[in-house]
Asks: 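Before we start, here is the structure in question, set down as structure tokens.
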Amino acid sequence: MDKPQEIRIAIVEDDDLIRESLQLILNGTPGFTADQTFSSADDFLKSPFEENLDMILMDIKMPGL
């Protein structure tokens, strides 16, 4: 039987503790993977993020963009 495809999530959060906690929780949840994290929207937009990303979990009150 084939392994179900995981939902790939990028996390954009300026608070280190929150970003790392979300990544730990998501990576420990079957069916989800959060292997891309960013401390700012600018960093995310400058990155070569993959096209097969399923979701972006982003803080809406961050400095900058």
Asks: Nearest 0.5 Å please: distance from the CG atom of D59 over to the CG atom of D14.
Replies: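 Result: 5.5 Å between the selected atoms.
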Asks: For the CE atom of M62 and the CZ atom of F44, what is their distance to the nearest 0.5 Å?
Replies: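 Rounded to the nearest 0.5 Å, the CE-CZ separation comes to 10.0 Å.
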Asks: State, with a plain yes or no, whether a side-chain heavy atom of T33 is found less than 4.5 Å away from one of I9.
Replies: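 They are not in contact (no side-chain heavy atoms under 4.5 Å apart), so the answer is no.
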Asks: Under 4.5 Å between side-chain heavy atoms, counting indirect links through other Ile/Leu/Val/Met/Phe/Trp/Tyr residues: same cluster for L45 and V12 or not?
Replies: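 Same cluster.
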Asks: Quick one: salt bridge (charged side-chain N to carboxylate O under 4.0 Å, His left out) pairs with a partner in residues 26-38, sequence neighbours left out?
Replies: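 Passing the test, one end in residues 26-38: R8-D35.
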Asks: Hey, are the side chains of Q36 and L53 touching, using non-hydrogen atoms and a 4.5 Å cut-off?
Replies: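 Yes, side chains in contact.
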Asks: For the OG atom of S40 and the CE atom of M58, what is their distance to the nearest 0.5 Å?
Replies: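 The OG atom of S40 sits 9.0 Å away from the CE atom of M58.
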Asks: Atom CD in E6, atom CG in D54: separation rounded to 0.5 Å?
Replies: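 Answer for the CD-CG pair, E6 versus D54, is 10.0 Å.
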Asks: Find out if a path of hydrophobic residues (ILVMFWY) with successive side-chain heavy-atom gaps under 4.5 Å connects I11 to I7.
Replies: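 The answer is yes; both residues are in one hydrophobic cluster.
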Asks: Enumerate, atom names and distances included, each donor-acceptor pair closer than 3.5 Å involving a side-chain atom of residues 19-26, sequence neighbours excluded.
Replies:
{"residue": "R19", "atom": "NH1", "partner": "E13", "partner atom": "O", "Å": "2.6"}
{"residue": "R19", "atom": "NH1", "partner": "D16", "partner atom": "OD1", "Å": "3.4"}
{"residue": "R19", "atom": "NH2", "partner": "D16", "partner atom": "OD1", "Å": "2.6"}
{"residue": "S21", "atom": "OG", "partner": "L17", "partner atom": "O", "Å": "2.7"}
{"residue": "Q23", "atom": "NE2", "partner": "A34", "partner atom": "O", "Å": "2.9"}

